[in-house]
Amino acid sequence: MNELIASTAAELAEKLAAKEVSSEEVTRAHLERIAEVDGGERGVHAFLHVNTEEALGVAREVDSLRAAGGDDAAELHPLAGVPIAIKDLIVTVGQPTTAGSRMLEGWMSPYDATVIKKIRAAKLPILGKTNLDEFAMGSSTEHSAFGPTRNPWDLDRIPGGSGGGSAAAVAAFEAPLALGTDTGGSIRQPGAVTGTVGVKPTYGAVSRYGAIAMASSLDQIGPVSRSVLDAALLQELIGGHDPFDSTSLTDSFDTLAEAARNGSVQGLRIGVVKELGGEGFQPGVEARFREALELLRGAGAEVVEVSCPNFQYALGAYYLIMPSEVSSNLAKFDGVRYGLRVLPKDGPLTIERVMGATRAAGFGDEAKRRIILGTYALSAGYYDAYYGSAQKVRTLIQRDFDAAFAQADVLISPTAPTTAFRLGEKLDDPLAMYLNDVATIPANLAGVPGLSLPGGLADEDGLPVGIQLLAPAREDARLYRVGAALESLLEAQWGGPLLSKAPVLGAAKTGEVN
Amino acid sequence: MSDPTLSFDEAMEQFDPVLGFEVHVELNTKTKMFSSAPNAFGDHPNSNVNEVDLGLPGVLPVVNKAAVESSIKIGLALNCEIAEYCRFARKNYFYPDTPKNFQTSQYDEPIAHDGWIDIELEDGEVFRVEIERAHMEEDAGKLTHMGGATGRIQGAEYSLVDYNRAGVPLVEIVTKPIVGAGRRAPELARAYVSAIREIVKNLGVSDARMERGNVRCDANVSLMPKGATKFGIRSETKNVNSLRSVEHAVRHEIQRHAAVLASGGKVTQETRHWHEDTRTTTAGRPKSDADDYRYFPEPDLVPIVATREWVESLRAQLPEPPAERRKRLKAAWGYSDPEFRDVVNAGVMDAIEETIAAGATPAAARKWWMGEIVGRAKVADVDPGELGVTSEAIVELNGLVEGGKLNNKMAGQVLDGVIAGEGTPTQVMEARGLVLVSDDGALLEAIDSALAAQPDVAEKIRGGKVQAVGAIVGGVMKATRGQADAGRVRELILEKLGVNA
């Protein structure tokens, strides 16, 4: 495997700054990797669109600025020239944005998301748009209208979801960095099952402007990477106040990379959430999690048990609040102004019937399921019992977090109850699918930040296990400090990054992986 | 087919009307409620839109602070409480004039609530109208249905959508039920909408042009048997968009309900469409209180916190309420009721105030504006203020008349010159050579000719019919091409004929 694609973003940034490599070489290496492993019958299929020409253009621009030297070179962002992949829920000028749905197939946004503007300003070549469950609804990327993404660890398994494309792209060395969105775990759970790092920042820490809304009060854009430091560097780049997003915080989050470079848990109280473990959690997941706790204790942390009794209602509350917001956010997809328009096969051609035919044809089953659930939950006579009660649970969960953070500086749990399951295994069982997010959802309901990092491989299937860290709102830096410390403890034990144990993909592979 | 009606008098004998109004006021902010696109009327369709107004994927709303301030001012002018904390909500329904298929509005947390205004009818009777709430929302786009007979969406071949209006800030003012207006209900309806229009115009928060839809009224009407206290079933007549229509629509609905009820029928709770041409309404869609818009708090916006300091600073900016101002000016000027009403109706109250401030007496200011300028404006089909006559010019012109340099007729010609842009009154007077003939010799010569031309009239005057002198005065004025002082001419004629006035 090309050494360039095995490097982390921070390593690439150093090599670029030292002019050891050019951005064009780095970008080309990743585009070649995409060509090698992404397509075909057994390809990873992380990308829905590859942005070759524009990415190379940006890379060459960075190279020429750096070559010219002077102020322009000095003012380049540290990540300038490091390529990135974008979840196809985030709008981009010049590339299609589909949200993984037939509804938006071929649609080109006339405007850039705020995070894209920042990425363009910092001159990161955008490699393309990554696959996802339709409108980010799912935990396996199987609900994409354009076919599933495969897990690079085992091509017959799911890469998690909804951001399976971004996680798989980073895990398969097709990109060093990617953007995801996390509404109930869509960054962290794919991170866990692909052996990558994924962070859901504090709600409001990163602008949502231009991320196609699934559930507005829960959605958050965040980084996907192969190291905690890379995630910190990327969150610093995309974060900050945005006047186009009313829910955007005015706090500055500019000490994240510094925190990641100074990882430490000495004297820290780390709280194990009693309710996020036990029944339903795979033994191999629990085993790696317990070992991680031992490592943290050994490094000087105090590990305490905390209880969050209302977390047991989190999944139920989430599946009322999220679909309620979905039912309203997805109403705009009606065939009137953009995207798919389907005319009814027979009968009169009225606006209602055109909207109905368009939505019947354009949305997949999971999107329809949630739209129907949400419409029902918001209906007169049901609102108080469903949406109203769920909001009360949300408040109780926030209080649980407050109480837990009074006892511990950060909280810790497995990210997902199991390792990657097989493609198709849970497709007909939505409830089983929803249970994947049981440990990640509370953070979205409370707006607190969460980070998932690789915790090793489960004994029973040799697949990656994710460990989740949670911090109080606005304390994203704390996650990076603890995350980096745990990462270096684990990697010291493994003798290198977990992904170096992943099966070889593409032309260089020696045998078929099952 | 129009619905049967009772006469208004018959209706009033049997029933008491209950009214309720929802008035939508379009604010004149520079940009829209939730986007930076211009809030402007009359531009090319779909030119004042950006990605937010079109509801493109990924967009988010941001509240327009100026619109919130305007809303608070409206609330204060209506004597409302201003909520310290309030939120927007989503009103969900599918319709192509609403790009997101939901309207961002306020639901159970209006920014202003529990107010009142006193409405004065023409004869001075005052009704207090209680305001339930004034809340913020965004306007929808404009649909034009093509190819159908009715201009409605049903039966149209296709529809055109203009999203320029989508997202324009609106304040919806909702009254509590208005009882006790009796037979004055139609008048009160008109006066109420007129008062709201005047208030928002006076605040400077809306252009308040009803013909452009800046102020739109939905009128709720129900009847209950005389003396009853339980309200009847109401109808809601939508988009009654002129003051005259509001009065007629309420009158029509009262008569229509009365016919239904008097024949033992039951009024249908529904929206009604107003038809200006026939002055009748037709049934719209049935409406129930359980219309399910699946409201929920707008998650993309943070709550609006109106601190007391902010509210008080806005209160300090409020202009004098129009009704109080009128009362004050009427008393100060000493006009009679009809005189003052004519001034108000002619739209020259502000102009007269200015003219008085420039040095004219109230009587002189009224004489010039009502006697001269309003008529000329009517002929030119413009507002009186648009003729370009300044207060200074009026004061100067009035001085020339009072100083004996011009008579009224000549002053009129000078005014024409001023309007034509020929200069100040003095400049016009000089340029046009308008000089009052006050030389008795010249006048006596003209009087002799006039008396000789009408000997029978001269005889009548000598016989004591003094009022006949006008004919001779007219002859003299004609002979002097109007440049004589008519008063002096009269004196000289009577003197010459030896008659005491």
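Note that these values count all heavy atoms, side chains included, but never hydrogens, waters or copies made by symmetry. Chain A is the first sequence line, chain B the second, and so forth, proteins listed ahead of strands; every chain is numbered from 1. Predicted, not measured: the structure shown is a model, and the values here were computed from it.
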Could you check whether A/Glu352 and B/Tyr95, counting side-chain N and O atoms only, form a donor-acceptor pair closer than 3.5 Å?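 There is no such pair between these side chains.
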So what's closer than 4.5 Å to chain B heavy atoms on [X]: side chain, backbone, both or neither?
{"X": "A/Ser324", "value": "backbone"}
{"X": "A/Tyr382", "value": "neither"}
{"X": "A/Pro348", "value": "neither"}
{"X": "A/Tyr209", "value": "both"}
{"X": "A/Ala113", "value": "neither"}

Among residues 297-305 of chain B, those lying within the under-4.5 Å heavy-atom range of chain A are B/Pro297, B/Pro299, B/Asp300, B/Leu301, B/Val302
Worksheet item: Residues two or more places apart in sequence or in another chain: which of them pass salt bridge (charged side-chain N to carboxylate O under 4.0 Å, His left out) with B/Asp108?
Response: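 Here no residue qualifies.
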Contact class of B/Phe296 relative to chain A, heavy atoms under 4.5 angstrom:
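Both parts, backbone and side chain.
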task: Measure distances from B/Ser36 to the heavy atoms of chain A and classify the residue's part below 4.5 Å as side chain, backbone, both or neither.
output: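 When you check distances to chain A, no heavy atom of B/Ser36 falls under 4.5 Å.
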If you tally heavy-atom pairs under 4.5 Å between each of B/Phe94, B/Phe102, B/Tyr295 and chain A, the highest tally belongs to B/Phe94
Practice problem: For residues 138-163 of chain B, pull every pair meeting ring pair (Phe, Tyr, Trp, His ring centres under 6.0 Å), keeping only residues two or more places apart or in separate chains. | Solution: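 For residues 138-163 of chain B: none.
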Residues forming a side-chain contact (heavy atoms from CB on, under 4.5 Å) with A/Ser248, sequence neighbours excluded =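 Expected list: A/His241, A/Asp242, A/Asp245.
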